[in-house]
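For the single chain, residues carry numbers from 1 onward in sequence order.
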Amino acid sequence: MQDIHNMSQLTSADLELARAFPEGFLWGAATASYQIEGGAFEDGRGSSIWDDFSATPGKVFQGENGNVAADHYHRLAEDTELMSSLGLGAYRFSIAWPRILPEGRGAINNAGLDFYDRLVDGLLAKGITPYVTLYHWDLPSPLQQEGGWVKRETAFAYADFAEVVAKRLGDRVTNWITLNEPWCSAYLGYGIGIHAPGVQDRQAALDAGHHLMLGHGLAVPRIRAHSAPNSQVGITLNLAHVYANDERPETQRDVALADAFSNRWFLDPILRGHYTEGFFEQLGLNAPPVQDGDLATISTPIDFLGVNNYTRLLVKGNTERIPLADQVSLVAPIPSACYTEMGWEVYPNGLRDLLLRLTKDYAVSKLYVTENGAAFKDAWNGNGHVSDPRRVDYLRTHIAGLAEAIQQGAPLRGYFVWSLMDNFEWAEGYSKRFGIVYIDYPTQKRVVKESGYWYAGLLKAFNQAH
Ligand SMILES: OC[C@@H]1[C@@H](O)[C@H](O)[C@@H](O)c2[nH]c(CCc3ccccc3)c[n+]21
């Protein structure tokens with residue numbers, strides 16, 4: 001591998017940017033189990049809703065699935081060495097619930113726990129801090145057969161699963177993320193059905209969202225009970241700052257609706273202990289099945305908020321009708337703007353402004369950017385490295401926004417680029433590449449992209465400054 005630390009990719013401004021970050025700032029990269037592991041039928045792993053969804057014709061691009069993915073299940077040593085060569089301070093990964101409890105509850109598959117044991121020990125041996133996401137969408141199929149997240153019982157099954165993992169890893173893992181993006185699990189999975197389990201029922205999305213948050217709240221004390229005293233537990237939400245396209249009253253109204261639906265649906269219960277006033281009415285739906293004590297459980301204190309952010313929302317008020325909160329019209333693509341392969345506008349200030357809003361409006365003691373990155377058309381000609389200048393620029397400009405946010409008071413403690421490596425991009429299959437490392441799937445070769453060299457150089461410059 002080319003000398004990864006030659007920092008040749010960095011400008012003098014980049015070196016200055018690295019020095020702008022405070023001592024102890026954590027630099028990492030993130031992945032998720034179903035997206036990189038493969039080994040889908042090995043060592044007792046059970047089926048997940050994403051195995052089922054991928055096997056359903058028409059759901060995933062070209063019928064692709066995570067059976068092999070980036071074959072990470074068989075490449076722990078190679079991939080932890082790759083992380084170390086990049087100079088990562090931390091690595092965020094998720095636990096595949098079906099590897100641990102193939103039936104979702106009950107019998108424990110120790111071979112599954114052994115895999116994550118090996119991963120954690122490999123990371124610690126290289127001085128890389130593990131950040132463990134307990135749930136990144138791969139719900140065991142038997143639980144979905146009982147109704148999945150629309151059923152309250154699933155919240156309790158999740159808390160039991162979290163405890164099983166904490167009991168095994170809690171002596172070495174001190175950074176826990178209960179859920180990745182319950183908004184996606186609830187709305188994409190149960191509301192509009194473009195993600196697993198493919199349910200199209202907006203009321204089900206509200207009910208699932210409630211039980212996901214309940215599972216989070218039930219799990220927090222169970223994780224704490226089996227982790228070292230200096231451990232920290234948080235949750236990761238996908239959030240986006242909402243901007244008004246104009247000053248019209250309809251636009252101001254729709255900005256509030258979009259913010260309620262995209263951000264406050266989960267922020268308010270978890271951090272304020274109540275749903276947003278009028279939220280269910282704004283959706284034209286009933287309240288989810290809230291029971292006494294649920295909101296107290298859901299808002300149990302957490303140590304940090306993980307923020308996944310990729311773009312912004314730009315809202316233009318609809319004058320003809322009063323839209324429902326999840327039907328606010330966003331502004332169409334702007335000719336002067338840049339977009340990623342996902343169709344997401346590249347708008348670096350959106351991450352900065354989001355972090356400052358969270359700091360101003362919510363009493364979060366610590367923030368981590370647990371995902372930020374971009375998919376662009378990456379190509380590899382079979383030798384040399386992969387040129388991805390647009391991703392270098394995306395990372396450079398978004399990371400510059402982090403430095404501004406910190407200077408303006410955001411309690412930001414770390415940043416995880418999405419993603420360490422190209423992987424299974426859900427319904428888009430392998431057609432979208434987010435990695436700072438290219439995966440040549442036919443050979444499973446790992447090829448560090450220009451952005452990987454750039455990121456490694458930034459981390460080296462940061463370490464040299466402290
Ligand atoms: O789409 C890139 C990544 C996924 O690969 C991660 O698994 C997931 O945590 C994640 N979240 C977001 C933002 C929310 C979103 C996800 C998927 C599709 C549309 C929006 C982007 N990403």
Side-chain angles (χ1 to χ4, degrees), residues 32-34 46 48-50 94-101 103-106 108 132-167 169-170 176-191 195-197 199 204-227 233-238 265-271 273-275 287-306 308 370:
S33 47
Y34 190 77
S48 76
I49 57 174
W50 270 96
S94 79
I95 306 285
W97 188 342
R99 287 198 191 284
I100 312 304
L101 298 170
E103 295 308 308
R105 53 166 73 93
I108 295 172
V132 173
T133 306
L134 281 161
Y135 182 72
H136 200 126
W137 305 357
D138 37 6
L139 182 74
S141 303
L143 294 180
Q144 181 57 35
Q145 278 138 30
E146 297 168 11
W149 287 107
V150 300
K151 297 297 283 291
R152 189 177 177 86
E153 293 78 0
T154 302
F156 292 86
Y158 167 74
D160 291 344
F161 155 67
E163 184 167 45
V164 168
V165 177
K167 277 179 177 172
L169 302 179
W176 297 94
I177 295 164
T178 53
L179 302 174
N180 179 73
E181 302 186 343
W183 185 97
C184 288
S185 299
Y187 192 69
L188 303 184
Y190 291 88
H195 276 195
V199 173
L206 272 191
D207 299 355
H210 184 72
H211 297 141
L212 279 151
M213 287 193 271
L214 181 63
H216 156 76
L218 291 167
V220 170
R222 312 273 289 269
I223 297 164
R224 291 194 195 287
H226 298 284
S227 304
V233 186
I235 186 171
T236 277
L237 302 179
N238 56 294
W265 174 5
F266 290 91
L267 282 171
D268 285 2
I270 291 164
L271 297 176
H274 61 75
Y275 279 101
V290 181
Q291 293 189 16
D292 286 351
D294 283 0
L295 271 299
T297 301
I298 289 169
S299 59
T300 190
I302 53 178
D303 304 299
F304 66 87
L305 177 68
N308 287 359
T370 38

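To the nearest 0.5 Å, atom CD1 of residue Ile235 and atom CD1 of residue Ile270 are 4.0 Å apart. Interatomic distance, Leu169 CG to Ile223 CD1, rounded to the nearest 0.5 Å: 11.5 Å. To the nearest 0.5 Å, the span separating OG on Ser141 from CD on Glu103 amounts to 9.5 Å. With rounding to the nearest 0.5 angstrom, the CD atom of Glu181 is 15.5 Å from the OH atom of Tyr187.
The heavy-atom pair separating Ile298 from His216 by the smallest distance is O-CD2, 3.7 Å. Looking at every heavy atom in both residues, Ser299 comes nearest to Pro269 through CB-O, 3.3 Å. Taking every heavy atom of both residues into account, Leu179 and Leu212 meet most closely at CD1-O, 3.2 Å. Closest heavy-atom contact between Leu218 and Thr297: N-CG2, 3.7 Å. Pro140 and Leu101 get closest at one heavy-atom pair: CG-O, 4.0 Å.
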From CA spacing to verdict: side-chain contact (heavy atoms from CB on, under 4.5 Å), Leu295, Val290: CA-CA 8 Å; Leu295 271 299; Val290 181; 3.5 Å; yes

Evaluate Phe266 against Leu271 for side-chain contact (heavy atoms from CB on, under 4.5 Å), listing each step before the verdict. CA-CA 8 Å; Phe266 290 91; Leu271 297 176; over 6 Å; no

Mind running side-chain contact (heavy atoms from CB on, under 4.5 Å) on Gln291 and Asp294 for me, showing each step along the way? CA-CA 6 Å; Gln291 293 189 16; Asp294 283 0; 3.7 Å; yes

I would like to know whether Tyr34 and Trp137 meet side-chain contact (heavy atoms from CB on, under 4.5 Å); could you show each step before the answer? CA-CA 8 Å; Tyr34 190 77; Trp137 305 357; over 6 Å; no

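Residues Tyr275 and His210 bring a donor and an acceptor atom of their side chains to less than 3.5 Å of each other. Defined by atom type and a distance below 3.5 Å, a donor-acceptor pair is present between the side-chain atoms of Asn308 and Thr370. Using a 3.5 Å distance cut-off with no hydrogens or angles, the side chains of Trp149 and Ser185 do not pair a donor with an acceptor.
Annotation: side chain of Tyr158 is in contact with side chain of Thr178 (closest heavy-atom distance under 4.5 Å). With contacts defined as side-chain heavy-atom distances shorter than 4.5 Å, the pair Leu237/Pro182 qualifies. In this structure the side chain of His195 reaches within 4.5 angstrom of the side chain of Trp50, judged on heavy atoms. Within the 4.5 Å cutoff, side-chain heavy atoms of Arg105 are placed close to those of Leu143. The shortest distance between side-chain heavy atoms of Trp97 and Ser48 does not fall below 4.5 Å. Residues Leu139 and Thr154 form a side-chain contact, since some pair of their non-hydrogen atoms from C-beta on lies under 4.5 Å apart. By the 4.5 Å heavy-atom criterion applied to side chains, Ile177 and Leu134 are not counted as neighbours.
When the side chain to side chain contact (heavy atoms under 4.5 Å, CB included) test is applied to Ser94, the partners found at least two apart in sequence or on another chain are Ala32, Ser33, Thr133, His136. Qualifying side chain to side chain contact (heavy atoms under 4.5 Å, CB included) partners for Arg224, counting only residues two or more places apart in sequence or in other chains: Val220, Val233, Asp303.
Checked by atom type and distance alone, the side chain of His211 pairs as donor or acceptor with a backbone atom of Val150 at under 3.5 Å. Side-chain atoms of Lys151 come within 3.5 Å of backbone N or O of Glu146 as a donor-acceptor pair.
Between Trp183 and Trp265, the two ring planes are perpendicular [angle over 60°; tilted spans 30° to 60°].
For residues 214-223, the set of pairs meeting the salt bridge (Lys or Arg N to Asp or Glu O under 4.0 Å) definition, not counting sequence neighbours, comprises Asp160-Arg222, Glu163-Arg222.
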